[in-house]
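Treat the numbers as computed from the prediction; the structure is a model and nothing was measured.
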Amino acid sequence: MNYLPVLLPLTALSVVTISATANAEHPNAPPLQLAANYQQQDASHYWVSEKFDGVRAYWDGEALWSRAGHSIAAPDWFVADFPNTHLDGELWLGRGQFDALSAAVRRYQPQEEEWRQIRFLVFDLPHSHATFSERNTELARLLSPINSPYIEQVEQQRLTDNTALAQRLSDIAAAGGEGLMLRHQDSYYQAGRSQGLLKLKQFHDAEAKVVAYLPGLGKYQGMLGALVVETPDGRQFRLGTGFTDAQRQTPPPLGSTVTYRYQGETKQGQPRFAHFMRERQDEP
């Protein structure tokens, strides 16, 4: 195989040119609220739900859109009973099923047998001006009369303290879940990163842009050895673990966005034990 650029030192990155428009915001990108990381906030002020390993989806009353603003080709029967209002949620197939879900959602022609297993899990009302506690009640009133197996409200719980939160995280992780989401009881829905919405996982995760390939050695000769990725604030580092052999043979494209997990940062601001998780599914 000869498709991998031979770029061994990080100083050689200048030979790879990526279009400045590779990560430009799509004009149809919905104004989503994004989660900040949990940092010992008082859990008693938050509603807590499972963080689903799915595909973020936005219902505008007529169609489903991805986080990046690309149309999701859901079957007509799947969305037939969805309400005529904006909903923020997650398409979900089950724990550990992200790859199969991503493949189904990315198809231009939806396959019925795949979509019969998918659910739209709704967690918020983006156009409501109420607090989250009020929005959660409003959402229940909106969805409870709908008799469809394809849409449901995400269950929210109140926990007494951070000890209970830690136990809940442990239980979810033991069951194969990804983590927890915390929504402040008095927070309002706002586009962009918000302290009113927090994510809590046993590992941190983040996204970065692929800027170069490093070739593999030994058993990975002729395949991907590592990605060189760049964070939104301009830091570059190598991402070399977490790939399947198939992913090493066909790595994420240059300019695409990948998600990685890590355990804190070094004194130089580099992620510790960075581990590839997936390519973001809603890239064009």
Stepwise side chain to side chain contact (heavy atoms under 4.5 Å, CB included) test for L32 and R67 = CA-CA 7 Å; L32 297 178; R67 171 179 165 178; 3.9 Å; yes
Checklist entry - Is the shortest heavy-atom distance from the side chain of L182 to the side chain of L165 under 4.5 Å? => result yes
R135 (side chain) donor-acceptor with A130 (main chain) under 3.5 angstrom: yes
Rounding to 0.5 Å, atoms NE2 (H204) and NZ (K199) come to a distance of 10.0 Å
From the list E112, E113, E114, salt bridge (charged side-chain N to carboxylate O under 4.0 Å, His left out) with R107 holds only for E114
Check: Linking I/L/V/M/F/W/Y whenever their side-chain heavy atoms sit closer than 4.5 Å, directly or via other members, would W77 and I146 fall into one cluster?
Finding: yes
* To do: Would you check if P253 and E279 make a side-chain contact, meaning some heavy-atom pair closer than 4.5 Å?
  => yes
*asked:* What I want to check is whether the side chains of N162 and Y38 have a donor and an acceptor closer together than 3.5 Å.
replied: yes
Value for CD (Q236) from CZ (R238), rounded to nearest 0.5 Å, stands at 11.0 Å
- Task: Quick one: sort the F237 and Y260 rings into parallel, tilted or perpendicular, breaks at 30° and 60°.
- Result: perpendicular
Expected output: side-chain R235 to main-chain P232 donor-acceptor under 3.5 Å
no
For Q167, the side chain to side chain donor-acceptor pair (under 3.5 Å) test, sequence neighbours excluded, returns D171
Of all heavy-atom pairs linking R272 and E265, the shortest is NE-O, 3.3 Å
When every non-hydrogen atom of A35 is compared with those of L198, the smallest separation belongs to CB-C, 4.1 Å
To the nearest 0.5 Å, atom CD of E178 lies from atom CG of D205 at 6.5 Å
- Any side-chain heavy-atom pair of L93 and F98 under 4.5 Å: no
Do L121 and E152 have side-chain heavy atoms sitting under 4.5 Å apart?
yes
Between G255 and K209, the two heavy atoms sitting closest are O-CG, 3.8 Å
Side chain to side chain contact (heavy atoms under 4.5 Å, CB included) with E90: of R56, E50, K51, only one passes, and it is R56
Between N136 and Q185, does any side-chain donor sit less than 3.5 Å from a side-chain acceptor?
no
Quick check: is L224 connected to L254 through a chain of hydrophobic side chains (ILVMFWY, heavy atoms under 4.5 Å apart)? yes
Step-by-step side chain to side chain donor-acceptor pair (under 3.5 Å) determination, T257 to E207: CA-CA 6 Å; T257 300; E207 293 181 342; 5.6 Å; no
Is it true that a side-chain atom of S144 and a backbone atom of A140 form a donor plus acceptor pair closer than 3.5 Å? yes
Centres of the H184 and F132 rings: under 6.0 Å? no
Of V154, L143, D88, the one forming a side chain to side chain contact (heavy atoms under 4.5 Å, CB included) with V122 is L143
**Message:** Any side-chain to backbone donor/acceptor pair from R248 onto G225? Under 3.5 Å, distance only.
**Reply:** yes
Which label fits F120 and F82: parallel for a plane angle under 30°, tilted from 30 to 60°, or perpendicular past 60°? parallel
Determine whether Q190 and Q33 satisfy the following criterion, side chain to side chain donor-acceptor pair (under 3.5 Å), listing intermediate values before the conclusion.
CA-CA 6 Å; Q190 60 184 41; Q33 186 174 39; 5.7 Å; no
Across all chains, not counting sequence neighbours, the side chain to side chain donor-acceptor pair (under 3.5 Å) partners of Q109 are none
Check: Passes side chain to side chain contact (heavy atoms under 4.5 Å, CB included), Q157 versus R168? Steps please.
Finding: CA-CA 10 Å; Q157 295 181 310; R168 179 63 177 151; 3.2 Å; yes
Open item on the list: Would a single hydrophobic cluster contain both F276 and Y213, if residues Ile, Leu, Val, Met, Phe, Trp and Tyr are joined by side-chain heavy-atom contacts under 4.5 Å?
Closed with: yes
Nearest heavy-atom approach of Q156 to S49 is OE1-CB, 3.5 Å
Membership question, hydrophobic clusters at under 4.5 Å side-chain separation (ILVMFWY): are I151 and I72 in the same one? yes
Heavy atoms of Y189 and P31 approach each other most closely as CE2-O, 3.7 Å
- Item | Donor-acceptor pair, side chain of D124 and main chain of P126, under 3.5 angstrom | no
Side chains of Q195 and Q41: does their closest heavy-atom pair fall under 4.5 Å?
yes
>> Whether the side chain of R183 engages the backbone of V48 through a donor-acceptor N/O pair (distance < 3.5 Å, no angle test) should be reported.
In response: no
Practice problem: Could you go through the side chain to side chain contact (heavy atoms under 4.5 Å, CB included) check for L101 and I118 one step at a time? | Solution: CA-CA 8 Å; L101 173 67; I118 296 173; 3.8 Å; yes
Next on the checklist: Does R95 form a side chain to side chain contact (heavy atoms under 4.5 Å, CB included) with D53? I'd like the steps, not just the answer.
Outcome noted: CA-CA 6 Å; R95 291 169 177 159; D53 186 21; over 6 Å; no
One should read off an interatomic distance between F243 CZ and T250 OG1, to the nearest 0.5 angstrom, of 12.5 Å
Closest non-hydrogen contact found for L169 with G179 is CD1-CA, 3.9 Å
Distance col, row Q270:CD vs Y262:OH, nearest 0.5 angstrom, shows 11.5 Å
Could you state whether V79 and L87 fall into the same hydrophobic cluster, counting links through intermediate Ile, Leu, Val, Met, Phe, Trp or Tyr residues with side-chain heavy atoms under 4.5 angstrom apart? yes
**W59 side chain vs P83 backbone, donor-acceptor pair below 3.5 Å** = yes
- Which of parallel (below 30°), tilted (30 to 60°) and perpendicular (above 60°) describes F78 and Y150? tilted
Any donor-acceptor pair under 3.5 Å from S133 side chain to D186 backbone: no
